[in-house]
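Written below as structure tokens is the structure these notes are about.
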Amino acid sequence: MLPPDFFTRDVETVARALIGCTLLVDDVGGMIVETEAYAPHDPAAHSFRGLTPRTRPMFGPPGRSYVYRSYGIHWCLNMVGGAAGSAVLIRALSPEHGLEAMRARRGTIDDRLLCAGPGRLCQALGITDAHNDLPLDEAPFALLPRIGAPEIAVGPRIGISVGVDTPWRFGLAGSRHVSRRFP
DNA sequence: CTATTGATGTTCT
DNA sequence: GAACATCAATAGA
């Protein structure tokens, strides 16, 4: 369980602080090794054009989930935090708990690709729109603090066409479970 | 290793 | 119609 004010800090701080924390959904998951921050006046953010039915969770209270459909195929998980309209995209985990469940859902035994990417991670953990706009400190979610202070790698965010110069992608330095290498 | 392309549904212009 | 916070498969160097 994280401290109550964990998600009320600015979104970049939250994105960095999530690296090394453990995320579980129904006891399946692992350590967060890659995140990205999105802010309301950030052209790459879904919230950039204001509150819509889809982005409503981003304007709700911090410490809840925002799950959206990506490219019509995948689900992606965010954690709402910072100022209204901000969220942190969870991009990769190191798979540690419930490996067999994750392998079965993903249809692969390649542990390196189990949770390396926002879409893969949601498939491995069974996250769908049923998990949208839920509190992260209650079942089926569990969020555990990290041990110590990890070295954080930084770079530009992935898969966007605007806001590409904002270095708001964060990773656990040296992790082999990130979705892409850091510069 | 890099580059390209198809799949697919929702949101916004 | 176009764009999209992606992924897997394929082709080539």
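Lettering of chains follows the sequences in order, A, B, ..., and the numbering in each one begins at 1. Please read these numbers as outputs of a predicted model, since none were measured by experiment. What you see below is based on every heavy atom in this structure, not just the backbone, and it leaves out hydrogens, waters and symmetry mates.
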Got a list of side-chain donor-acceptor pairs under 3.5 Å for residues 73-82 of chain A, not counting sequence neighbours?
residue : atom : partner : partner atom : Å
A:Asn78 : OD1  : A:Leu89 : N            : 3.4
A:Asn78 : ND2  : A:Tyr66 : O            : 3.3

Hphob cluster co-occupancy, A:Phe141 + A:Leu24, side-chain heavy atoms under 4.5 angstrom: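 Looking at the clustering, A:Leu24 is in a separate group from A:Phe141.
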Are [X] and [Y] close enough that some pair of their side-chain heavy atoms sits under 4.5 Å apart?
X: A:Ser47; Y: A:Phe59; result: yes
X: A:Phe170; Y: A:Val88; result: no
X: A:Arg180; Y: A:Ile158; result: yes

Could you state the atom-to-atom distance from [atom1] of [X] to [atom2] of [N] in whole Å?
X: A:Arg180; N: C:dA5; atom1: CZ; atom2: C1'; result: 12 Å
X: A:Tyr66; N: C:dA5; atom1: OH; atom2: P; result: 9 Å
X: A:Phe48; N: C:dA3; atom1: CZ; atom2: P; result: 17 Å

Whether A:Thr55 side chain and A:Gly50 backbone form a donor-acceptor pair below 3.5 Å: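 Yes: the side chain of A:Thr55 pairs with the backbone of A:Gly50.
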Qualifying residues under salt bridge (Lys or Arg N to Asp or Glu O under 4.0 Å), relative to A:Arg176, sequence neighbours excluded: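 A:Arg176: no salt bridge (Lys or Arg N to Asp or Glu O under 4.0 Å) contacts found.
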For nucleotides 11-13 of chain B, which of its nitrogen or oxygen atoms have a protein nitrogen or oxygen under 3.5 Å away, and what is each distance?
residue : atom : partner : partner atom : Å
B:dC12  : OP1  : A:Thr52 : OG1          : 3.3
B:dT13  : OP1  : A:Arg49 : NE           : 3.4

Non-neighbouring partners of A:Arg157 that pass side chain to side chain donor-acceptor pair (under 3.5 Å), sequence neighbours left out: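 If we apply the side chain to side chain donor-acceptor pair (under 3.5 Å) test to A:Arg157, skipping adjacent residues, the hits are A:Asp42.
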SB check A:Arg103 A:Asp110 (cutoff 4.0 Å):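 The answer is no: the pair does not qualify as a salt bridge.
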Contact state string [nucleotides 6-13 of chain C, B base, S sugar-phosphate only, - no protein heavy atom under 4.0 Å]: BSS-----
For DNA chain B, stems built from three or more consecutive Watson-Crick or G-U wobble pairs below 3.5 Å: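 DNA chain B forms these stems: B:1-7 with C:6-12, B:9-12 with C:1-4.
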Donor + acceptor pair across side chains of A:Glu34, A:Ser179 (<3.5 Å):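 Judged by distance alone, the side chains do pair up.
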